[in-house]
Amino acid sequence: MDAQKEIIRLRRELEHHNKLYYVLDAPEISDYEYDMLMQRLKALEALHPELITPDSPTQRVGGEALSKFEPVRHQVPLESLTDVFSYDELFAFGDRMDASLLTPHDYVVEPKIDGLSMSLEYENGVFVRGATRGDGVTGENVTENLRTVRSLPLRIENAPERLIVRGEVYMSKSVFEQLNAEREIKGEPLLANPRNAAAGSMRQLDPKVAASRKLDIICFNLQYSSGEPFKTHAETLDAMRAMGFPVVPYTRYDNIRDCVQRIEWLGENRGELAYDMDGAVIKINSLAQREALGSTAKAPRWAVAFKYPPEKKESKVLDIVVQVGRTGVLTPKVIVEPIRLAGTTVSAATLHNQDNIDRLDLRIGDTVLLQKAGEIIPEVLSVNKEKRPEGTLPFVLPSVCPECGSPVVRDEDGAALRCTSPECPAQRLRNIAHFASREAMDIEGLGISVCESLINSGLVKTAADLYYLEVGPIAALERMGEKSAANLIAAIDRSREAGLSRLLCAFGIRQVGQKAAKVLASHFENLDALMEADAEELTKIPDIGAITAGFITEWFSNPQSQHLIKRLREAGVSFASREEKKDSRFAGMTFVLTGTLQSFTRDEASAIIESYGGKASSSVSKKTSYVLAGENAGSKLTKAESLGIKIISEEEFKEMIQ
């Protein structure tokens, strides 16, 4: 078959299945069959790169990391809405419509999705540009990031010559929870809510990062069409759905008071929706009437957003339990009599830490007032002390880990208690995933999902168990097989010689990341020499302060740490330092890297700087000695120029290291 015809056929078939899966929620083929079609298309495009087009399904995760977003002036302004907070205000809006229009009119009610508003431009059916709302007049060009949103059609059939659609990019609740679970495993700060997560993802300079966040989009307005005119908003929504856009659900009503039933239904059921919503939008349906009504300086006169008040309910405290998170933090959780709150049944709420318990003076048996923070996470607002039963006692978190019995320590800010054990069962997944990560032992193929499989099967309980694995049991795991198992064993074997700095980073000692680990590995010949050092000796090492020194000595004194080290030693893991200093020409100097380098990766350049006794930093300050600037250098270059810091090119850097 002709390659071009086959490529076109595959693209249309993949676009068809994208619409069935993302828009109609009615897939006809399995994920595996879809992946095979995609692999076939990728293979053909690799053989014929001249046939690759921007709207191809293979180009959803493409493009280079950007240094900034270009401004885009919207052809049609992306207006905001006037908020109403009561039915009286809603009915007043209806009265204004009656007085202004003097002709029959109907309304459309839609959920107000809590995401990031976008303008989507199509020319001859092909997606050509997408921009954020910005100030409503000018936004930012985020086209490459929008291409990664699977539910956004890159090509539409039977489209007018030019089309502009307005939509809302959002992160589904399930994806948000999964992303936060992974961030917790990695010890990264948790994201506050899906809306912020979606906004932050869409403004990533690297489209591949945006793609990893699994964003969705839902469209709610036709901004402009060069085709046949429409009479009503409902007609435009139906037309967009027919074109393949995921479209907001809507309900039409003849008068403003009937809209209340849909507003109340959305409020009661918003917990069941895949996306967050922060209200309901009520719009005049007729496009001609909208045009006659016009807009104020800030918002259209023909629409309002009804905002739901945070729902609050009382419930009785049945118990307070303490859970150990994947990062070792002890989190108190209140168990309450189940209540229906903001669309879902709530039976528990986090109490965060001891300080919060003390502030609330919360006790088992109390009656508490609950609401959902950001309409998602249940939280305790206050205690009704008038309903407190006699004989209750203040609650105090334990001084040892409830999972493993190891001592717990307070964070520097005094808010959280943390288990100190490296072999704590509650921290198992996080510890092993970190141990194998790229910045630590760099065990290729040992991601979070494989770690979970190894742990759930009982093959691995601590990081040391990795070095005692065999091919057979791994091959028997789901989605592994002989070849994958053999590759994993080979990667684990290679990591035995990773060296002291990587091993120290892999241990997960608090405040000992890549840089501190390299500093320590440069100072000590091997792990045994480091273990013999006391806190006073450690603080004499550059960049190792008293607090970090305390964490190091405390970690090595823990019996479970000593057990882990013993088993790693028996498994043949090298404890020797591999940090080589060529000379000290960069001693006392701090370099900051910005932009894209041609001859080195940033990690390679940083390693070279450190091998000559220098320091690589991520931020520019008055203490910075040089800024090494590659192509498309960003704000760091601007700041360096304002501070008068010497800026060097890649060629100058090469001369310095010759």
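Computed from a prediction, not measured in an experiment: that's the story for all the values here.
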**OP:** State, yes or no, whether a side-chain contact exists between N196 and F176 at a heavy-atom distance under 4.5 Å.
**Re:** no

Original post:
From T143 OG1 over to E70 CD, what is the distance, rounded to the nearest 0.5 angstrom?
Top reply: 8.5 Å

Subject >> is_close_aromatic(Y626, F653), centroid dist under 6.0 Å >> reply: no

**OP:** List in chain and number order the residues that pass salt bridge (Lys or Arg N to Asp or Glu O under 4.0 Å) with E123, two or more places apart in sequence or in another chain; answer none if no residue qualifies.
**Re:** R162

Original post:
So how far is it from E144 CD to R129 CZ, rounded to the nearest 0.5 Å?
Top reply: 13.5 Å

**OP:** Evaluate the salt bridge (charged side-chain N to carboxylate O under 4.0 Å, His left out) criterion for residues E45 and R11: first the C-alpha distance (whole Å), next the side-chain angles of each, then the deciding distance (0.1 Å), finally the verdict.
**Re:** CA-CA 11 Å; E45 288 184 344; R11 286 176 183 169; 2.8 Å; yes

**OP:** State whether E610 and K518 are salt-bridged, where the test is any N-O pair (Lys NZ or Arg NE/NH1/NH2 against Asp/Glu carboxylate O) under 4.0 Å.
**Re:** yes

Original post:
How long is the span from the CD atom in E121 to the CD atom in Q223, to the nearest 0.5 Å?
Top reply: 10.5 Å

Original post:
Can you list the residues that meet the salt bridge (Lys or Arg N to Asp or Glu O under 4.0 Å) rule with D528, with sequence neighbours excluded?
Top reply: R569

**OP:** Given side-chain contact (heavy atoms from CB on, under 4.5 Å), test L116 with R195 step by step and report yes or no.
**Re:** CA-CA 7 Å; L116 191 65; R195 197 271 172 199; 3.7 Å; yes

**OP:** Apply the test side-chain contact (heavy atoms from CB on, under 4.5 Å) to residues L163 and Y224: give CA-CA distance (whole Å), side-chain angles for both, the deciding distance (0.1 Å), then the verdict.
**Re:** CA-CA 6 Å; L163 184 73; Y224 173 83; over 6 Å; no

Subject >> Non-neighbouring partners of S117 that pass side-chain hydrogen bond (donor to acceptor under 3.5 Å, both in side chains), sequence neighbours left out >> reply: R166

Subject >> Listed partners of S617 passing side-chain hydrogen bond (donor to acceptor under 3.5 Å, both in side chains), at least two apart >> reply: none

Original post:
In Å and rounded to the nearest 0.5 Å, what is the NE2 to CG distance from H48 to L44?
Top reply: 6.5 Å

Subject >> Within-4.5 Å side-chain heavy-atom neighbours: T548 and I552 >> reply: yes

**OP:** Dump the intermediate steps for side-chain contact (heavy atoms from CB on, under 4.5 Å) on L179 and M171, then the final yes or no.
**Re:** CA-CA 10 Å; L179 180 59; M171 180 178 287; 3.8 Å; yes

Original post:
Who passes salt bridge (Lys or Arg N to Asp or Glu O under 4.0 Å) against R213, sequence neighbours left out?
Top reply: none

Subject >> Short N-O contact, E651 and K654, less than 4.0 angstrom >> reply: yes

Original post:
Is there a donor-acceptor pair under 3.5 Å between the side chain of T553 and the backbone N or O of G550?
Top reply: yes

Original post:
Looking at residues at least two apart in the chain, or sitting in another chain, which of them share a side-chain hydrogen bond (donor to acceptor under 3.5 Å, both in side chains) with S561?
Top reply: none

Subject >> Heavy-atom donor-acceptor pair, K639 side chain to V620 backbone, under 3.5 Å >> reply: yes

**OP:** Identify the two heavy atoms, one from V329 and one from A416, that lie closest to each other, and give their separation to 0.1 Å.
**Re:** CG1-CB, 3.9 Å

Subject >> E444, CD atom: more than 12 neighbouring heavy atoms under 6.0 Å >> reply: no

Original post:
Out of curiosity, M656 CE to L628 CG, how far, rounded to the nearest 0.5 Å?
Top reply: 9.0 Å

**OP:** Using modelled atom types only, decide if a donor and an acceptor are shared between the side chain of H434 and the backbone of C505 within a distance under 3.5 Å.
**Re:** yes

Original post:
Taking the side chain as C-beta and beyond, is there a heavy-atom pair between L504 and L527 under 4.5 Å?
Top reply: yes

Original post:
Which atoms form the tightest heavy-atom contact between V450 and G445, and what is the distance?
Top reply: CG2-O, 3.6 Å

Original post:
Is there a donor in the side chain of N180 and an acceptor in the side chain of Q178, or the other way round, less than 3.5 Å apart?
Top reply: no

Original post:
What pair of heavy atoms forms the shortest contact from L500 to F524, and how long is it?
Top reply: CD2-O, 3.9 Å

Subject >> Minimum heavy-atom distance C219-L120, with the two atoms named >> reply: SG-CD1, 4.0 Å

**OP:** For I565 and M531, run side-chain contact (heavy atoms from CB on, under 4.5 Å): C-alpha distance rounded to whole Å, both residues' side-chain angles, the deciding distance at 0.1 Å, then the answer.
**Re:** CA-CA 11 Å; I565 291 168; M531 291 169 65; 4.1 Å; yes

Original post:
Can D216 and S172 be counted as having a side-chain donor-acceptor contact under 3.5 angstrom?
Top reply: no

**OP:** Just jot down the side-chain contact (heavy atoms from CB on, under 4.5 Å) partners of V460, sequence neighbours excluded, or say none.
**Re:** I432, L454, D465, L466, L469

Subject >> Contact check, side chains of I645 and K622, non-hydrogen atoms, under 4.5 Å >> reply: no

Original post:
Among all residues two or more places apart in sequence or in another chain, which pass the ring-ring contact (aromatic ring centres under 6.0 Å, His included) test with F127?
Top reply: Y122

**OP:** Indicate yes or no for a side-chain donor-acceptor contact from R155 to the backbone of V126 under 3.5 Å, with no hydrogens or angles considered.
**Re:** no

Original post:
Counting only heavy atoms not in K214, do more than 12 sit closer than 6.0 Å to its NZ atom?
Top reply: no

Original post:
Measuring from S495:OG to L446:CG, what's the distance to the nearest 0.5 Å?
Top reply: 9.0 Å

Original post:
Do you know the tightest heavy-atom contact between I647 and A629?
Top reply: CG2-CB, 3.9 Å

Subject >> NZ/NE/NH1/NH2 to OD/OE distance under 4.0 Å, K540 and E537 >> reply: no

Subject >> Beyond-backbone contact of L520 with L538, side-chain heavy atoms, under 4.5 angstrom >> reply: yes

Original post:
Do other residues, nucleotides or ligands put more than 12 heavy atoms under 6.0 Å from E525 CD?
Top reply: no

Subject >> Residue list, side-chain contact (heavy atoms from CB on, under 4.5 Å) with E655, at least two apart or on another chain >> reply: none

Subject >> Partners meeting side-chain contact (heavy atoms from CB on, under 4.5 Å) with R73 (sequence neighbours left out) >> reply: V137, T138

Original post:
Is there a donor-acceptor pair closer than 3.5 Å between any side-chain N or O of E652 and the backbone N or O of S649?
Top reply: yes

**OP:** Answer yes or no: is there a side-chain heavy-atom contact under 4.5 Å between P246 and I217?
**Re:** yes

**OP:** Measure the shortest side-chain to side-chain distance between V149 and M202 over non-hydrogen atoms and say whether it is less than 4.5 angstrom.
**Re:** yes

**OP:** Sequence neighbours left out, what passes side-chain hydrogen bond (donor to acceptor under 3.5 Å, both in side chains) with T462? Give chain and number order.
**Re:** none

Original post:
Partners of T539 by side-chain contact (heavy atoms from CB on, under 4.5 Å), sequence neighbours excluded?
Top reply: A546, A549

Original post:
When you check the gap from the basic side-chain N to the acidic O, do E140 and R133 get nearer than 4.0 Å?
Top reply: no

**OP:** Mind telling me whether F591 and F586 have parallel, tilted or perpendicular rings, with 30° and 60° as the class edges?
**Re:** tilted

Original post:
Within the distance-only criterion (no hydrogens, no angle test), does the side chain of S201 pair as donor or acceptor with the backbone N or O of A197 below 3.5 angstrom?
Top reply: yes

Subject >> Test item: I455 and L429 side chains (from C-beta on) under 4.5 Å apart, heavy atoms >> reply: yes

Original post:
How about K615: does its NZ atom have over 12 heavy atoms from other parts shown lying under 6.0 Å from it?
Top reply: no

